[in-house]
2 protein chains.
Amino acid sequence: MLSKKSQYAFKALEYLTDRYKQGPVLISEIAKKKKIPLKFLENILLELKKEGILDSKKGKGGGYFLAKDPARVKVATIIRLVNGPIAMLPCVSLYFYERCKNCDEKKCGLHDMMVEVRDASLSILENRTLKDLAG
Amino acid sequence: MLSKKSQYAFKALEYLTDRYKQGPVLISEIAKKKKIPLKFLENILLELKKEGILDSKKGKGGGYFLAKDPARVKVATIIRLVNGPIAMLPCVSLYFYERCKNCDEKKCGLHDMMVEVRDASLSILENRTLKDLAG
DNA sequence: GTAATTCCCTACCAAGTTGATAGACTTAAA
DNA sequence: TTTAAGTCTATCAACTTGGTAGGGAATTAC
């Protein structure tokens, strides 16, 4: 399951996508409209900034805004950044791979099945962007 | 990601599937062959028994064994029992549904996307059984 | 009927994660 | 130079995860 943090991140990104190229948006505005705890949201947005998804401006008239075209930010990317691996097993993850102890990947039935599940999920998540999320 | 507990559960079930209808198998044998901490495995097997997947016999010659034909035990069922929801959001889960606060499911882009991901995963996990896992 | 074997049960624990809050600090605009 | 923002550090309670300990209860063999 996606953590609450991830769900908040998506709500905030949806809000910012709706306001793409309309100037900075206050954290407090996002928090209020999307009903997200203010200080928690601060952390999330800061993290998304450090990872290059968002950019910000300080001082009066400041706020957060998308660093790139929302049509170019994949949902899969956001999930990996905020939530972690998409795959159900470490030995099957593309971005967080760790090999199995005591289990030969080549003849592990679970491994093969989880590769299928991963690919089925990615066929959707790699082909949807922030733009698809917003109104 | 599947918890270690889930991964242990699958390893143990795979072992028991290979020995289906060959009499009870000792916890200690499974623990040794699959390299699972003994006491932790005890808990897991007991849980699987309470949920009707396994059955057991006490005393000499006792042990654990599958309660039903492994070809009839879906992988999705095991994941739900041991690991929890398969869906990425509570508002999208078939077996662990909880409605979204502050979010209209009918026009939530994330909701719709996560329904797709859930169905893609289930198309695999509901159609594979313990038999498919084993050799 | 009693000893050995095996699962069953209750309790506990350390470490990590999650969700959240508090407060001071820095930058930039007016 | 004041004020309005975002930024940073730190702390916290509650929960989950992975694992351990030790005895109790049922069954079998003798």
Side-chain angles (χ1 to χ4, degrees), chain A residues 1-12 16 23-32 34-67 79 81-85 88-90 96 98 101-102, chain B residues 1-12 16 23-32 34-67 79 81-85 88-90 96 98 101-102:
Chain A
M1 299 270 281
L2 296 180
S3 62
K4 277 205 154 189
K5 183 177 165 187
S6 302
Q7 296 177 49
Y8 289 154
F10 276 114
K11 288 199 181 192
L16 290 173
V25 182
L26 293 181
I27 303 178
S28 55
E29 179 185 337
I30 306 173
K32 195 174 177 186
K34 291 297 187 177
K35 293 179 183 159
I36 302 170
L38 178 65
K39 298 295 278 179
F40 197 16
L41 180 59
E42 277 188 14
N43 298 332
I44 295 168
L45 296 183
L46 191 54
E47 199 180 320
L48 287 171
K49 178 185 176 178
K50 285 179 179 158
E51 280 152 346
I53 306 295
L54 297 179
D55 205 348
S56 67
K57 232 187 122 185
K58 288 185 181 177
K60 187 157 195 178
Y64 274 96
F65 49 94
L66 287 172
I79 293 181
L81 288 177
V82 184
N83 205 73
M88 298 189 96
L89 291 177
F96 299 84
E98 286 174 54
K101 299 172 188 69
N102 324 321
Chain B
M1 300 268 282
L2 295 180
S3 63
K4 276 207 157 188
K5 184 176 163 187
S6 302
Q7 296 178 49
Y8 289 154
F10 276 115
K11 287 199 182 194
L16 290 173
V25 181
L26 293 181
I27 303 178
S28 55
E29 180 185 337
I30 305 174
K32 195 176 177 186
K34 291 297 186 178
K35 294 179 183 159
I36 302 170
L38 178 64
K39 296 298 276 182
F40 197 15
L41 181 58
E42 275 188 18
N43 297 333
I44 296 168
L45 297 183
L46 191 53
E47 199 180 321
L48 287 170
K49 177 185 174 176
K50 284 177 180 160
E51 279 151 346
I53 307 295
L54 297 179
D55 204 348
S56 66
K57 233 187 120 184
K58 288 183 181 177
K60 186 158 199 178
Y64 275 97
F65 49 95
L66 287 171
I79 293 180
L81 289 177
V82 184
N83 206 72
M88 298 188 99
L89 292 177
F96 299 83
E98 286 173 55
K101 298 172 188 65
N102 323 319

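Lettering of chains follows the sequences in order, A, B, ..., and the numbering in each one begins at 1. In this text the structure is predicted, and so the values were computed from the model without any measurement.
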Applying side-chain contact (heavy atoms from CB on, under 4.5 Å) to A:L81 and not counting sequence neighbours gives A:E51, A:I53, A:T77

Can you list the residues that meet the side-chain contact (heavy atoms from CB on, under 4.5 Å) rule with B:N43, with sequence neighbours excluded? B:F40

B:K57: partners by salt bridge (Lys or Arg N to Asp or Glu O under 4.0 Å), with sequence neighbours left out: none

Describe the nucleic acid contact of A:I27 in one word from base, sugar-phosphate, nothing, applying a heavy-atom distance below 4.0 Å. sugar-phosphate

Within the structure shown, what part of the strands sits under 4.0 Å from A:L38 by heavy-atom distance: base, sugar-phosphate, or nothing? nothing

Provide the closest heavy-atom pair for B:S3 versus B:N83 in the form atom of the first, atom of the second, distance. N-OD1, 2.8 Å

A:L66 CG to A:L16 CG distance, which is reported to the nearest 0.5 Å: 5.5 Å

Return the set of residues passing side chain to side chain donor-acceptor pair (under 3.5 Å) with A:K60 (not counting sequence neighbours), or none when no residue passes. none

Which residue lies more 5' along DNA chain C, comparing B:G62 with B:K50 via nearest heavy atoms: B:G62

Value in whole Å for how far the [atom2] atom of [N] lies from [atom1] of [X]:
{"X": "B:M1", "N": "D:dG18", "atom1": "CE", "atom2": "C1'", "value": "15 Å"}
{"X": "A:L54", "N": "D:dA5", "atom1": "CG", "atom2": "P", "value": "18 Å"}
{"X": "B:E47", "N": "C:dT10", "atom1": "CD", "atom2": "C1'", "value": "15 Å"}
{"X": "A:D55", "N": "D:dA5", "atom1": "CG", "atom2": "P", "value": "17 Å"}
{"X": "A:L26", "N": "C:dA28", "atom1": "CG", "atom2": "C1'", "value": "14 Å"}
{"X": "B:E29", "N": "C:dC7", "atom1": "CD", "atom2": "C1'", "value": "15 Å"}
{"X": "B:L46", "N": "C:dT6", "atom1": "CG", "atom2": "P", "value": "17 Å"}
{"X": "A:E42", "N": "D:dC8", "atom1": "CD", "atom2": "P", "value": "11 Å"}

Could you tell me whether A:K50 and A:E47 make a salt bridge, using a distance below 4.0 angstrom between a side-chain N and a carboxylate O? no

Using a 4.0 Å cut-off on protein heavy atoms (strictly under), produce a 5'-to-3' string for nucleotides 24-30 of chain D with B for base contact, S for backbone-only sugar-phosphate contact, and - for none. --SBS--

Within a reach of under 6.0 Å around CD of B:E29, are more than 12 heavy atoms found that belong to other residues, nucleotides or ligands? yes

Dump the intermediate steps for side-chain contact (heavy atoms from CB on, under 4.5 Å) on B:S6 and B:I79, then the final yes or no. CA-CA 7 Å; B:S6 302; B:I79 293 180; over 6 Å; no

Expected rows: protein N/O vs nucleotides 14-20 of chain C N/O, under 3.5 Å:
unit_1: C:dG19; atom_1: OP1; unit_2: A:K4; atom_2: N; d: 3.1
unit_1: C:dG19; atom_1: OP2; unit_2: A:K4; atom_2: N; d: 3.4
unit_1: C:dA20; atom_1: OP2; unit_2: A:Y8; atom_2: OH; d: 3.0

